[in-house]
Every structure is written in C-alpha cells, then in structure tokens.
Amino acid sequence: MKWFEAQLFQRTQTGIDAVRNPTYKDCATDVNILIRLAPYVPQHHAVDGNGLDVVERTYLTKANPVILNGVTALKVGDVLYDITNIMPSDHLTAIRVKERGKWRSSSKTSTT
C-alpha cells in the first residue's frame, strides 16, 4: 500500500472588493498529512444538455480529524483538490475531493 504526502490549504480572507464583498484565497498551512489513494469515480453531470464528467476521489488518512477542521483543499503532487466531504471513522478518515478545474467531455467527436 503506497502512501503520499498531502499539503493542506485553508481559505483566508485577503481583503474586500469594490462592492465590499470579502475576497478569499486558499493559503497553504504548515500541516502535511499522509493519505492513501483510492480509485477515481467519474460522475456524469448534465449541464445545459452537455454531458460532462468531473473526477472525484476518496482519500483515506490516519490523521486526526481535528487537524482537518477548516481545511478547504489539499494538494497531492502538482494536483490541487477541493474537499467536498470529510467522513471520520474509528481508524481512518475518508476525505472526498474534487479535482479543481478538471472537466472531461463524455462525448467523443470525430474529425474526418
């Protein structure tokens, strides 16, 4: 079983825009955790008639779930993932993530 190091990110307010709405940025924390990769699960989303797939994964970690409070994203290698759900259990914590900016077309077009 191969474990990878993941860098954790928290959303931090960076200022206020012209209409007084807060602006946010994901900032890296000093905490890294070990995670185990699980197979990705492509999910079909119909958006305005176009079939698109978004890649979602579930990672497992032995880290204390308290460490994950306030964490909004994690980075594994060069890929940044948005955290959609954290599910603690007795021994492992499952982290459900969605790859940021990753959309795949479910239809194949031929150019002949």
Side-chain angles (χ1 to χ4, degrees):
M1 183 95 21
K2 190 168 183 180
W3 292 81
F4 297 91
E5 190 171 355
Q7 184 177 19
L8 303 179
F9 288 80
Q10 289 184 329
R11 183 159 291 151
T12 306
Q13 185 174 345
T14 57
I16 298 175
D17 65 7
V19 292
R20 298 185 182 156
N21 293 321
T23 57
Y24 295 95
K25 179 181 179 183
D26 286 333
C27 297
T29 64
D30 295 335
V31 179
N32 291 347
I33 61 171
L34 291 177
I35 60 172
R36 186 175 75 191
L37 293 172
Y40 75 91
V41 178
Q43 291 186 341
H44 179 72
H45 294 278
V47 179
D48 296 329
N50 295 327
L52 298 173
D53 288 336
V54 61
V55 176
E56 293 188 359
R57 293 191 122 151
T58 300
Y59 290 98
L60 299 175
T61 183
K62 293 180 181 179
N64 189 339
V66 174
I67 294 172
L68 302 173
N69 286 341
V71 174
T72 57
L74 61 86
K75 187 174 185 179
V76 181
D78 293 333
V79 182
L80 187 63
Y81 295 95
D82 288 317
I83 295 176
T84 59
N85 195 6
I86 298 173
M87 300 161 281
S89 67
D90 293 337
H91 302 290
L92 294 173
T93 298
I95 305 170
R96 187 80 174 150
V97 296
K98 178 173 64 169
E99 191 171 341
R100 186 173 286 183
K102 186 73 171 185
W103 290 90
R104 294 183 182 173
S105 175
S106 63
S107 62
K108 294 183 179 180
T109 58
S110 62
T111 55
T112 55

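Because only heavy atoms are used, hydrogens play no part in the values below, and waters and symmetry mates are left out as well, while side chains stay in.
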Shortest non-hydrogen contact between [X] and [Y], atoms and distance:
{"X": "Ile35", "Y": "Ala6", "answer": "CD1-CB, 3.8 Å"}
{"X": "Glu5", "Y": "Asn32", "answer": "OE2-ND2, 2.8 Å"}
{"X": "Pro65", "Y": "Thr93", "answer": "CG-OG1, 3.4 Å"}
{"X": "Ala94", "Y": "Thr58", "answer": "CB-CG2, 4.0 Å"}
{"X": "Met87", "Y": "Arg96", "answer": "CE-CB, 4.1 Å"}

(message) With ring-ring contact (aromatic ring centres under 6.0 Å, His included) as the rule and sequence neighbours excluded, what pairs involving residues 14-37 come up?
(response) none
(request) Write out all pairs satisfying ring-ring contact (aromatic ring centres under 6.0 Å, His included) with one or both partners inside residues 60-96, taking only residues at least two apart or from two chains. (result) Tyr59-Tyr81
(request) May I ask whether Val79 and Phe4 are part of the same hydrophobic cluster, defined by side-chain heavy atoms of I, L, V, M, F, W, Y residues being less than 4.5 angstrom apart, directly or through others? (result)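 Yes, same cluster.
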(message) Starting from Leu80, can I reach Val76 by hopping between I/L/V/M/F/W/Y residues whose side chains sit under 4.5 Å apart?
(response)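 Hydrophobic grouping puts Val76 apart from Leu80.
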Atom pairs and distances, side-chain donor-acceptor, residues 14-23, under 3.5 Å, sequence neighbours left out:
{"unit_1": "Thr14", "atom_1": "OG1", "unit_2": "Thr23", "atom_2": "O", "d": "3.3"}
{"unit_1": "Thr14", "atom_1": "OG1", "unit_2": "Thr23", "atom_2": "OG1", "d": "3.1"}
{"unit_1": "Asp17", "atom_1": "OD1", "unit_2": "Val19", "atom_2": "N", "d": "3.2"}
{"unit_1": "Asp17", "atom_1": "OD1", "unit_2": "Arg20", "atom_2": "N", "d": "3.2"}
{"unit_1": "Asp17", "atom_1": "OD1", "unit_2": "Asn21", "atom_2": "N", "d": "2.7"}
{"unit_1": "Thr23", "atom_1": "OG1", "unit_2": "Gly15", "atom_2": "N", "d": "3.3"}
{"unit_1": "Thr23", "atom_1": "OG1", "unit_2": "Gly15", "atom_2": "O", "d": "3.2"}

(message) Strictly by salt bridge (charged side-chain N to carboxylate O under 4.0 Å, His left out), give each pair with a member in residues 63-76 just once, sequence neighbours left out.
(response) none
(request) Rounded to the nearest 0.5 Å, what's the gap from CG on Leu74 to CD1 on Ile83? Could you check? (result) 4.5 Å
(message) The criterion is salt bridge (Lys or Arg N to Asp or Glu O under 4.0 Å); which residues satisfy it with Arg11, sequence neighbours excluded?
(response) Asp26
(message) Please enumerate all residues that pass side chain to side chain contact (heavy atoms under 4.5 Å, CB included) together with Thr12, with sequence neighbours excluded.
(response) Cys27
(request) Apply side chain to side chain contact (heavy atoms under 4.5 Å, CB included) to Val31 and list each qualifying residue two or more places apart in sequence or on a separate chain. (result) Leu8, Thr29, Ile33, Ile67
(message) Between the side chains of Arg100 and Asp82, is the shortest nitrogen-to-carboxylate-oxygen separation below 4.0 Å, so that they form an ion pair?
(response)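 Salt bridge present between Asp82 and Arg100.
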(request) List for me each residue that meets side-chain hydrogen bond (donor to acceptor under 3.5 Å, both in side chains) alongside Asn85, sequence neighbours excluded, and say none if there are none. (result)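 With neighbours one apart ignored, the set is empty.
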(request) Sequence neighbours left out, what passes side-chain hydrogen bond (donor to acceptor under 3.5 Å, both in side chains) with Gln7? Give chain and number order. (result) none
(request) Please lay out, stage by stage, how Lys62 and Leu92 fare under the test side-chain contact (heavy atoms from CB on, under 4.5 Å). (result) CA-CA 5 Å; Lys62 293 180 181 179; Leu92 294 173; 3.4 Å; yes
(message) Once ring-ring contact (aromatic ring centres under 6.0 Å, His included) is applied, do any residues pair with Phe9, and if so which ones, sequence neighbours excluded?
(response)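 In terms of ring-ring contact (aromatic ring centres under 6.0 Å, His included), with neighbours along the sequence ignored, Phe9 is linked to no residue.
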